[in-house]
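Keep in mind it's a predicted model, so treat the numbers as computed, not measured. Just so you know, these numbers use all the heavy atoms, side chains as well, and skip hydrogens, waters and symmetry mates.
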Amino acid sequence: MNQQVETSSFLDNLERAAQVRREIADRLSNIAGAIERSELEGLAASGKLGLETDSQDISLASENLRQGVFRLLVLGDMKRGKSTFLNALIGERLLPSDVNPCTALLTVLRYGSEKKVTVYFKKDRQPEQISFEEFKQQYTIDPDTAKQLEIEQQEAFPNVSHAVVEYPLPLLEKGIEIVDSPGLNDTEARNEISLNYINNCHAILFVFRASQPCTLAERRYLENYIKGRGLTVFFLINGWDEISEGAIDPEDAAEIAESEEKLRKVFRTNIGEYCQVDGQDIYSDRVFEISSLRALRLRLKDKNANLDGTGFSEFVRALDTFLTQERAVAQMRQARTLARSICSRVREAIERRIPLLEKDVNELKQRIASVEPEFEKLHEIRDRFQEEIQIVRDRKAKSVADSCKAYILNLGNTFDSDFLRYQPELSLFDSLDSSKRDAFNAAFKKAFEQYINDKISAWELTAEREMREAFAQLGKSAANYSTAYTKITDLMTEKLIGEKVYAGRTIDAEDNSPAWAKWAMGFLSLATGNVAGVVLASAGFNWQNILVNWIAVIGISSCLMIFTGAFLGPVGILAIGLGVGALQADQARKEMVQATKKEFVKYLPQLAQEQYDTIHQNVKECFDGYDREVIKRLNDDIKSRKAELDNLLSQKESREINCEAELKRLKNIDTGVYSELQKIESTYQTFLNN
């Protein structure tokens, strides 16, 4: 299909999704405004309805939806052509791609009316605007420099946090933000910057190179940072057109086809497991063979060039489906759920108020007194749920901390086999040469640190699953408590107004749970669809921030002194003592590994205990944050129900209420809010059907 048609359709769909988001955001804002006006007017009428929290929730949701973007994170090793791919995607040579690795900073590409680059620094230094040329010159590094930095365990720009590139591109104007990351196999500090950004993105574009299929480093990152996290990942096999360059006869179609099929099997074997969603194989929807350089050359000559054969048409279609259908629909559905919930709350409050308007003070007092037992029952539900949260908190804090402790203590038992794949190559003659020996020692130290970081990441996945399961269980409990809670509030309404059923219950046919319960179940987040995502994201919960550097925390680097320092070290000593030969060199390496293991194991009990205390405290704090938010919302709901009755009573005791005018005002509020909800419903359904 013509690239112009593909790109035009993609941009049109993005614009349509952005337009619908803005429209729904405006409707949510109108509902919030109507509630705020109602509460203000109520001060001089029959009293407030106690809807302040609902107004705040829907205002925040409106702002989040209006400002919402689709953020794409580009990951991959060095020399995979990430920047070239992005330049081809946007149709301009915007990001530096003339040297490898090109992007030495994490770079956020977003829309701006003018071309602008802003570099953000760590600590207290103010951001700095620079030109595009300065950006390309100052913040790119060549392969030799990158290699040396890797050996020395240094960052290219240690004082820089990230860069933001603003550019008036149609793709970015439609609500897309693209994050271009440094190469994954560069220094570990830079890796952490890229990988910590994962949770802030809606989809990951993981770039491979056809000429270097699935390296150990790439498999390691997929296993440690991608697998099991529920992330949407598109795998891009770049340089697919370069396969013919390695053929004996580049003109032999059969030979090229055979090479391509072999390569496809390699990638299918290595990344197939990451393309399984809910038991379905979506490999064909997530893996794309692309030729970025060829596509970029074509688009630089002609923006609307036909890109058939570059893989870009297929990829753009898949990205279009994900962003403008799957992701956009999920955001809008959550916004509709919130609107339904709050409109139900408004209607419930109004329908409780109207029958009480004409009651005299004494009868109103009697009816309020009649529901005091129900208010006590609501408090009991709150207390039971809070107690359950705290029980789960204590159990999970201990369970996760115990898991970490046992995991650390077991490292010594598996060190020999686990560390094997991290060991650098060793030759006897290198070990006898001082400069080569120093390089080997540095490589060995880095390998040990990488082993530690990978072991942390492997445990993280287990801990994260356990946390998510715990919050999922609390979400189910919230649903059960919500059912009991709703029965009680229905009984309260029946006692107050003498009616068993009222129209407010029909607004949200999907779920009649009160707002506090929907928050506890994760339904009111426009960013995630599960309670664990809501809580962990709002708390900024990140295992990497909790698990401090294992080597630094108790000085484990001292165990590495056995092969660093000014003296010859065990490799040299053993090599000299054993004579010359590969077997002796291998024996020296084994001795080094055993010596490292011996020192490492010595520190494990202390390390395990220190991490136990840290993990235990942070897990507790995470559940405490959930506890505070849920109980606050529950208390606010109870207080608002009590306040709406007290407000009415106070007004009746202080002045005569114009019942006819107040009835008209309340019905107008109900009609106005419900009308906005209907417009949201119509907009949502129209978007689904088109």
Tell me whether [X] contacts the main-chain N or O of [Y] through its side chain, where contact means a donor paired with an acceptor under 3.5 Å.
| X | Y | value |
| --- | --- | --- |
| D320 | V316 | no |
| R299 | A88 | yes |
| R294 | L307 | no |
| S181 | V74 | yes |
| Y626 | A520 | yes |
| T337 | R333 | yes |

Shortest non-hydrogen contact between [X] and [Y], atoms and distance:
| X | Y | result |
| --- | --- | --- |
| P213 | A210 | CD-O, 3.6 Å |
| C622 | M467 | SG-CE, 4.0 Å |
| V108 | E177 | CG1-OE1, 3.9 Å |
| E36 | S55 | CG-OG, 3.1 Å |
| R66 | S29 | NH2-CB, 4.1 Å |
| H202 | V69 | CE1-O, 2.7 Å |

ring-ring contact (aromatic ring centres under 6.0 Å, His included) against [X], all qualifying residues, sequence neighbours excluded:
| X | result |
| --- | --- |
| Y451 | F415, F419, Y422 |
| F267 | F208 |
| Y684 | none |

Verdict with reasoning, E621 to R628, per salt bridge (charged side-chain N to carboxylate O under 4.0 Å, His left out) | CA-CA 10 Å; E621 288 177 0; R628 285 191 298 271; over 6 Å; no

Measuring only between side-chain heavy atoms, which start at C-beta, is [X] closer than 4.5 Å to [Y]?
| X | Y | answer |
| --- | --- | --- |
| D12 | R16 | no |
| L222 | N270 | no |
| Y221 | I226 | no |
| F234 | L72 | no |
| F322 | D285 | no |
| D180 | F85 | no |
| N306 | L298 | no |
| F471 | F623 | yes |

Among all residues two or more places apart in sequence or in another chain, which pass the side-chain hydrogen bond (donor to acceptor under 3.5 Å, both in side chains) test with E52?
->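 Expected list: K48.
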
With sequence neighbours left out, what residues match Y167 under side-chain hydrogen bond (donor to acceptor under 3.5 Å, both in side chains)?
->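 Checked Y167 against side-chain hydrogen bond (donor to acceptor under 3.5 Å, both in side chains); matches are E92, K115.
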
With a distance cut-off below 6.0 Å to the six-membered ring centre and an angular limit of 45° from the axis, does R336 pair with F687 as a cation-pi contact?
->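 No, a cation-pi geometry is absent between R336 and F687.
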
Scan N238, D241, T310 and name whichever one has a side chain to side chain donor-acceptor pair (under 3.5 Å) with S291.
->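 Only match with S291 under side chain to side chain donor-acceptor pair (under 3.5 Å): D241.
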
When rounded to the nearest 0.5 angstrom, what is the spacing between [atom1] in [X] and [atom2] in [Y]?
| X | Y | atom1 | atom2 | answer |
| --- | --- | --- | --- | --- |
| R71 | I178 | CZ | CD1 | 12.0 Å |
| L338 | L28 | CG | CG | 6.5 Å |
| W240 | L263 | CH2 | CG | 4.0 Å |
| F312 | F315 | CZ | CZ | 7.5 Å |
| S59 | D54 | OG | CG | 10.5 Å |
| S292 | L236 | OG | CG | 7.5 Å |

Would you please test F206 and I271 for side-chain contact (heavy atoms from CB on, under 4.5 Å) and show each step?
-> CA-CA 11 Å; F206 200 103; I271 63 178; over 6 Å; no

Using the side-chain contact (heavy atoms from CB on, under 4.5 Å) rule, take R286 and T232 through it: C-alpha gap first, then chi angles, then the decisive distance, then the call.
-> CA-CA 9 Å; R286 290 292 185 262; T232 297; 3.9 Å; yes

Should R209 and E242 be marked as a side-chain contact (heavy atoms from CB on, under 4.5 Å) after you check the CA-CA gap, both sets of side-chain angles, and the distance that decides it?
-> CA-CA 10 Å; R209 193 88 190 183; E242 298 171 7; 2.5 Å; yes

Stepwise salt bridge (charged side-chain N to carboxylate O under 4.0 Å, His left out) check, K632 with E629 | CA-CA 5 Å; K632 176 185 178 300; E629 186 64 30; 5.6 Å; no

For K679, which residues count as a salt bridge (Lys or Arg N to Asp or Glu O under 4.0 Å) partner, sequence neighbours excluded?
->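 Salt bridge (Lys or Arg N to Asp or Glu O under 4.0 Å) list for K679, sorted by chain: empty.
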
Relative to the ring of H162, is the ring of Y120 parallel (under 30°), tilted (30 to 60°) or perpendicular (over 60°)?
->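 Answer is parallel, since the angle falls under 30°.
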
Chi angles and distances behind the side-chain contact (heavy atoms from CB on, under 4.5 Å) call for I680, I31 | CA-CA 11 Å; I680 290 175; I31 292 173; 4.2 Å; yes

Worked check of salt bridge (charged side-chain N to carboxylate O under 4.0 Å, His left out) between R110 and E166 | CA-CA 5 Å; R110 64 171 60 130; E166 296 180 45; 5.6 Å; no

